[in-house]
Amino acid sequence: MGILDLLFGKKIVFNKKMLDFIEIVKHIDWFSNCGVLFDERLYYKYVMVKNKEDAIKQLRRERNCKNFTSLTNLIIEANRRIGHFLDKYYEKESQWTWNKLIDSINKKFMNDSIELNFIEIDERFSREFNIENKRWIYRIFRGVMIELYFIDYIPDVPTFYMKIFEIFQEGHIVTGWNGKFPLHDTTSLITPIEIEDGELLIW
């Protein structure tokens, strides 16, 4: 290990699982099966949204209500859990690796990358469902990349995105979550989102 590694940590290098995942994403026919029955076996329970109008209503919801968690807040929940886990058990990864990893992924894919143009994909998502562009597809892709990086050497790191990405790979989308999560101002969850916590909403 060199002096720069001692001072700033090792350089972020995408592992084989991440590179293989990128190749898979390159060949996705995005949103091509929305409205078609999704009957694949997933880690989580799920229900199909009845129609496109309901899917749009769910995607437009900013806040959680009753037993519904919005897609934005579902993403925040998944990010918080892995973040709290690293804070508690892996201080170096939390303080240095996390930010460097996100910077590395953003540098390569956040703009109009030739390899994967997520600006175009997210704009298409926004047009298709007449919703505000919140970069959901990119954020979910980045979530998988983060999980694949850490799970390579921290096997018990909480994962979520890896468990749901097949939905997008098959041309569908997630519109939210049936279920509520504890408030993070009263507790810091370090466990993964589990099956008993609720069910995915899919279109």
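Residue pairs meeting the ring pair (Phe, Tyr, Trp, His ring centres under 6.0 Å) criterion with at least one member in residues 50-69: none, sequence neighbours excluded. Applying the salt bridge (charged side-chain N to carboxylate O under 4.0 Å, His left out) test to residues at least two apart or on different chains, the pairs with a partner in residues 14-35 are K16-D20, E23-K26, K26-E115. Under the side chain to side chain donor-acceptor pair (under 3.5 Å) criterion, the residue pairs touching residues 190-203 are Y43-E194, N178-E199, with sequence neighbours excluded.
Between F150 and Y153, the two ring planes are tilted [angle within 30° to 60°]. The aromatic rings of F125 and F129 sit perpendicular, their planes meeting at an angle over 60°, well past the 30° parallel limit. The aromatic rings of F38 and H172 sit perpendicular to each other, their planes meeting at more than 60°, with 30° as the lower class boundary.
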Do any side-chain atoms of residues 157-166 form donor-acceptor pairs under 3.5 angstrom with protein atoms, and if so which ones, sequence neighbours left out?
| from | atom 1 | to | atom 2 | distance (Å) |
| --- | --- | --- | --- | --- |
| T159 | OG1 | K163 | NZ | 3.4 |
| Y161 | OH | I75 | O | 3.1 |
| Y161 | OH | N79 | OD1 | 2.7 |
| K163 | NZ | T159 | O | 3.2 |

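Counting non-hydrogen atoms of neighbouring residues, nucleotides and ligands closer than 6.0 angstrom, the NZ atom of K107 reaches no more than 12 such neighbours. More than 12 heavy-atom neighbours from other residues, nucleotides or ligands sit within 6.0 angstrom of NZ on K52.
Although no hydrogens or angles enter the test, the distance criterion places a donor-acceptor pair under 3.5 Å between the side chain of R60 and the main chain of N130. Although no hydrogens or angles enter the test, the distance criterion places no donor-acceptor pair under 3.5 Å between the side chain of S70 and the main chain of N64. S104 places a side-chain N or O within donor-acceptor distance of the main-chain N or O of K100, the cut-off being under 3.5 Å. Within the 3.5 Å criterion, the main-chain N or O of P192 finds a donor-acceptor partner in the side chain of R81. Using modelled atom types, one side-chain atom of R135 and one backbone atom of M110 make a donor-acceptor pair closer than 3.5 Å.
Connection of L201 to L37 is established within a shared hydrophobic cluster, with ILVMFWY side chains joined at heavy-atom distances below 4.5 Å, either directly or through further cluster members. With hydrophobic clusters built from ILVMFWY side chains whose heavy atoms lie under 4.5 angstrom apart, I173 shares a cluster with V47. Cluster membership check: I12 shares its hydrophobic cluster with L19, using side-chain heavy-atom separations under 4.5 Å among Ile, Leu, Val, Met, Phe, Trp and Tyr. Hydrophobic clustering, with ILVMFWY side chains joined whenever heavy atoms are under 4.5 angstrom apart, keeps W30 apart from V36.
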Carefully, step by step, assess F141 and I121 under the rule side-chain contact (heavy atoms from CB on, under 4.5 Å). CA-CA 11 Å; F141 162 82; I121 294 168; over 6 Å; no
K108 and L116: side-chain contact (heavy atoms from CB on, under 4.5 Å), yes or no, with the steps? CA-CA 9 Å; K108 188 171 180 64; L116 276 168; over 6 Å; no
Go through it in stages, so that I can follow the logic: the residues are I154 and L86, the test is side-chain contact (heavy atoms from CB on, under 4.5 Å), and I'd like the CA-CA distance, side-chain angles, deciding distance and then a yes or no. CA-CA 10 Å; I154 307 176; L86 294 174; 4.1 Å; yes
Does the side-chain contact (heavy atoms from CB on, under 4.5 Å) test come out yes or no for E93 and L101, once each step is laid out? CA-CA 10 Å; E93 276 70 19; L101 176 59; over 6 Å; no
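Looking at L71 and I131, their side chains never come closer than 4.5 Å, going by heavy atoms from C-beta outward. Between L148 and F14 the shortest side-chain heavy-atom distance does not fall below 4.5 Å. Under the 4.5 Å side-chain criterion, counting only non-hydrogen atoms from C-beta, T175 is not in contact with K57. Side-chain contact between E77 and T69 is absent, with no heavy-atom pair separated by less than 4.5 Å. Between I167 and Y46, the closest side-chain pair of non-hydrogen atoms is not below 4.5 Å. With a 4.5 Å cut-off on side-chain heavy atoms, W177 and L200 count as touching. With a 4.5 Å cut-off on side-chain heavy atoms, W98 and I82 count as touching. A heavy-atom distance below 4.5 Å is found between the side chains of Y149 and M18.
When the side chain to side chain donor-acceptor pair (under 3.5 Å) test is applied to E62, the partners found at least two apart in sequence or on another chain are K134. Residues forming a salt bridge (charged side-chain N to carboxylate O under 4.0 Å, His left out) with D54 (at least two apart in sequence, or on another chain): none.
Taken from CD in E128 to CD1 in I56, the straight-line distance is 8.5 Å, to the nearest 0.5 Å. Rounding to the nearest 0.5 angstrom, the gap separating the CG atom in N73 from the CZ atom in R63 is 10.0 Å. The line from CZ of F181 to CD1 of I76 is 12.0 Å long, rounded to the nearest 0.5 Å. Residue E123 holds its CD atom at 6.0 Å from CG of N133, rounded to the nearest 0.5 Å. Here the CZ-CZ distance, from R139 to F118, works out to 13.5 Å after rounding to the nearest 0.5 Å. Between atom NZ of residue K180 and atom SG of residue C65 there is a gap of 9.0 Å, rounded to the nearest 0.5 Å.
Of all heavy-atom pairs spanning F31 and I137, the tightest one is CE2-CD1, 4.0 Å. Closest approach of M145 to F21, counting heavy atoms only: SD-CD2, 3.7 Å.
Using a cutoff of 4.0 Å between basic side-chain nitrogens and carboxylate oxygens, R124 and E120 are not scored as salt-bridged.
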